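Below you'll find the structure, written out as structure tokens, and then a few comments.
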2 protein chains.
Amino acid sequence: MTNKYQIIFNSIVDQIKSGEIPPNSLLPSENELKEQYDTSRETIRKALNLLAQNGYIQKVRGKGSIVIDINKFDFPVSGLVSFKELADKMEKKPRTIVNELSLIFKPDAYIRQQLQLSGKDQVWKIVRTREIGGKKIILDKDYLAAKYVPSITEEICANSIYAYLENELNLKISFAKKEIVVEEPTAEDRSFLDLEGFHNIVVIKNYVYLEDASLFQYTESRHRPDKFRFVDFARRTQ
Amino acid sequence: MTNKYQIIFNSIVDQIKSGEIPPNSLLPSENELKEQYDTSRETIRKALNLLAQNGYIQKVRGKGSIVIDINKFDFPVSGLVSFKELADKMEKKPRTIVNELSLIFKPDAYIRQQLQLSGKDQVWKIVRTREIGGKKIILDKDYLAAKYVPSITEEICANSIYAYLENELNLKISFAKKEIVVEEPTAEDRSFLDLEGFHNIVVIKNYVYLEDASLFQYTESRHRPDKFRFVDFARRTQ
DNA sequence: TAGTGGTCTAGACCACGTG
DNA sequence: ACGTGGTCTAGACCACTAG
């Protein structure tokens with residue numbers, strides 16, 4: 001990306017992170033930034049809107065843009081941190097065990113419904129266990145519409161499915177719908193996970209869409225409750 | 001709001017919801033919309049960006065704006081649905097019991113830390129139970145920095161704190177940080193809630209900020225796990 | 001090649017907060 | 001009154017998709 005507003009955004013993010021622009025202070029005004037970066041005000045505003053959306057600043061009309069204290073938001077990250085997309089969630093776990101990788105010719109009604117498929121469409125089913133500190137903590141069940149993914153190997157599943165989809169197959173993920181509920185453990189949970197007496201499972205259901213708004217993946221990520229954590233930053237819709 | 005782009009946004013939302021513009025079809029192009037609404041292209045683009053951010057459309061360069069099938073996203077709402085801000089979460093429950101309303105002169109270290117307060121600042125503490133279908137399902141513990149809220153009554157707590165803060169005190173909430181974890185029930189949970197044998201509590205911690213980026217409220221919303229549900233729509237950060 | 005959305009500009013006027 | 005951010009305009013050029 002060589003977009004001007006992206007460059008300005010990154011430049012200001014760096015200044016905030018380094019402490020060059022301290023928390024609770026005001027950013028230079030839009031007109032000053034316009035001069036500094038030798039651009040138009042609308043371009044500056046695009047960069048500032050990006051900063052606001054990402055929780056770096058708070059804009060106040062008539063006053064200026066306040067730098068938010070990011071240290072307040074620096075939680076110790078354990079189980080799960082949201083929004084960085086699935087890449088983070090799926091890939092950065094210490095150890096991954098592939099329990100199942102199969103191409104389903106006749107997906108059952110539940111999967112067809114979740115993936116909005118007709119009976120003729122085939123589906124990849126991938127079941128993986130995530131091990132943290134020697135304990136099996138997370139059970140991931142992935143269902144991928146096969147019309148978008150002609151082939152996939154166990155090695156890819158053990159490493160990074162998303163790197164494969166994006167870099168090899170050139171599929172672009174554009175948005176995802178997430179649903180979090182708490183359920184009783186199933187027999188499958190009990191057999192694949194080290195439950196150690198926990199009576200509940202946190203289930204994150206993910207519906208993943210491609211650039212053309214087509215649904216291509218449904219994922220259930222089943223977490224032991226003690227290792228689960230979800231963080232969310234919500235801005236008031238003006 | 002009489003903003004042009006808001007009006008255009010609402011107009012298109014209505015057309016999508018009514019089915020006038022069907023799912024998976026293309027919106028008129030930005031140039032067509034520009035003529036239709038007699039405005040400039042940038043204003044149309046603001047409206048379309050709002051639509052994209054709210055999950056109504058997916059924009060594809062060189063192609064157009066695809067209407068996303070909102071029926072796919074129309075989950076039956078039970079316990080909790082995110083993002084509509086706290087108003088929804090806090091206020092629309094059938095029955096609210098106010099268990100405690102007090103002004104704390106010397107907040108303890110935990111609360112001071114959560115609200116980023118010095119020892120001299122006073123804090124309102126509000127504890128409420130939410131009853132759904134005759135069962136006590138949710139325990140809400142609110143801590144409000146008293147410097148922003150000079151007074152509050154039990155009646156206000158039983159109805160809508162947010163309506164009071166926004167309409168009477170003219171406080172504007174601008175953003176919130178949410179954290180979701182699962183914990184063991186405390187003695188307090190057991191005494192205030194109808195746990196019925198559930199072994200876990202879903203805890204939603206909320207840090208609420210005002211327009212000038214000052215932290216003014218910390219809330220713990222403690223849910224019985226069977227009645228908890230969280231929905232999230234995440235767009236890939238481009 | 002024509003049409004789409006993405007970026008960028010230079011200017012205008014408005015609503016709001018502070019002095 | 002002044003400076004701030006919020007909205008809006010009319011135009012330009014670019015990157016991409018499609019026929």
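So that the names make sense, note that chain A is the first sequence line, chain B the second, and so on, each numbered from 1. The basis for the numbers below is simple: all heavy atoms, side chains too, and nothing from hydrogens, waters or symmetry mates. Values in this document were obtained by computation on a predicted structure and should not be read as measured data.
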Can you tell me if B/Thr39 touches the phosphate of D/dC8, counting only side-chain N or O atoms and a distance under 4.0 Å to OP1 or OP2?
no

Taking A/Ser102 for the side chain and A/Ile104 for the main chain, is one N or O donor matched with an acceptor at less than 3.5 Å? no

A/Lys46 NZ to C/dG5 C1', in whole Å, measures 11 Å

To the nearest angstrom, the NZ-C1' distance between B/Lys59 and D/dA15 comes to 15 Å

Does a nitrogen or oxygen in the side chain of A/Tyr5 sit under 4.0 Å from OP1 or OP2 of C/dC8?
no

Sorted by number, residues from residues 25-32 of chain B placing a heavy atom under 4.0 Å from DNA chain D are none

The ring pair (Phe, Tyr, Trp, His ring centres under 6.0 Å) partners of B/Tyr218 (sequence neighbours excluded) come to B/Tyr207

Hits for salt bridge (Lys or Arg N to Asp or Glu O under 4.0 Å) against B/Lys34, two or more places apart or cross-chain, chain-then-number order -> none

Nucleotide by nucleotide, nucleotides 11-19 of chain C touches protein heavy atoms under 4.0 Å in the pattern (B base, S sugar-phosphate only, - none) -B--BBS--

Going by atom type alone, with no hydrogens or angles, which donor-acceptor pairs under 3.5 Å involve a side-chain atom of residues 145-154 of chain A and a protein atom two or more places apart or on another chain?
unit_1: A/Tyr148; atom_1: OH; unit_2: A/Ser214; atom_2: OG; d: 3.1
unit_1: A/Thr153; atom_1: OG1; unit_2: A/Glu155; atom_2: N; d: 3.4
unit_1: A/Thr153; atom_1: OG1; unit_2: A/Ile156; atom_2: N; d: 3.2

Rounded to whole Å, CD1 of A/Ile44 lies from C1' of C/dC8 at a distance of 12 Å

Quiz item: Counting only N and O atoms by type, is there a donor-acceptor contact under 3.5 Å from the side chain of A/Asp108 to the main-chain atoms of A/Ile111?
Solution: yes

Requested in this report: Say whether, by atom type as modelled, one donor and one acceptor occur between the side chain of B/Arg112 and the main chain of B/Pro107 under 3.5 angstrom.
Outcome: yes

Taken to the nearest 0.5 Å, the spacing of B/Asp38 CG from B/Leu33 CG works out to 12.5 Å

Secondary structure of DNA chain D per the Watson-Crick/G-U criterion (both distances under 3.5 Å; [ ] crossing, | other strand, . unpaired) is ||||||||||||||||||.

Quiz item: Within less than 4.0 Å of OP1 or OP2 of D/dT9, is there a side-chain N or O belonging to B/Lys4?
Solution: yes

Between CD of A/Gln6 and C1' of C/dG6 the distance, given in whole Å, is 11 Å

Examine D/dT9: is either OP1 or OP2 under 4.0 Å from a nitrogen or oxygen in the side chain of B/Thr43? Give yes or no. yes

**OP:** Answer yes or no: is there a donor N or O on one side and an acceptor on the other, between the side chain of B/Asn54 and the main chain of B/Tyr56, under 3.5 Å?
**Re:** no

Looking at B/Glu32 and B/Ser29, would you say the former's side chain and the latter's main chain have a donor-acceptor pair under 3.5 Å? yes

To the nearest angstrom, the CG-P distance between B/Asn3 and D/dG5 comes to 18 Å

From CZ of B/Arg45 across to C1' of C/dC8 the rounded distance in Å is 11 Å

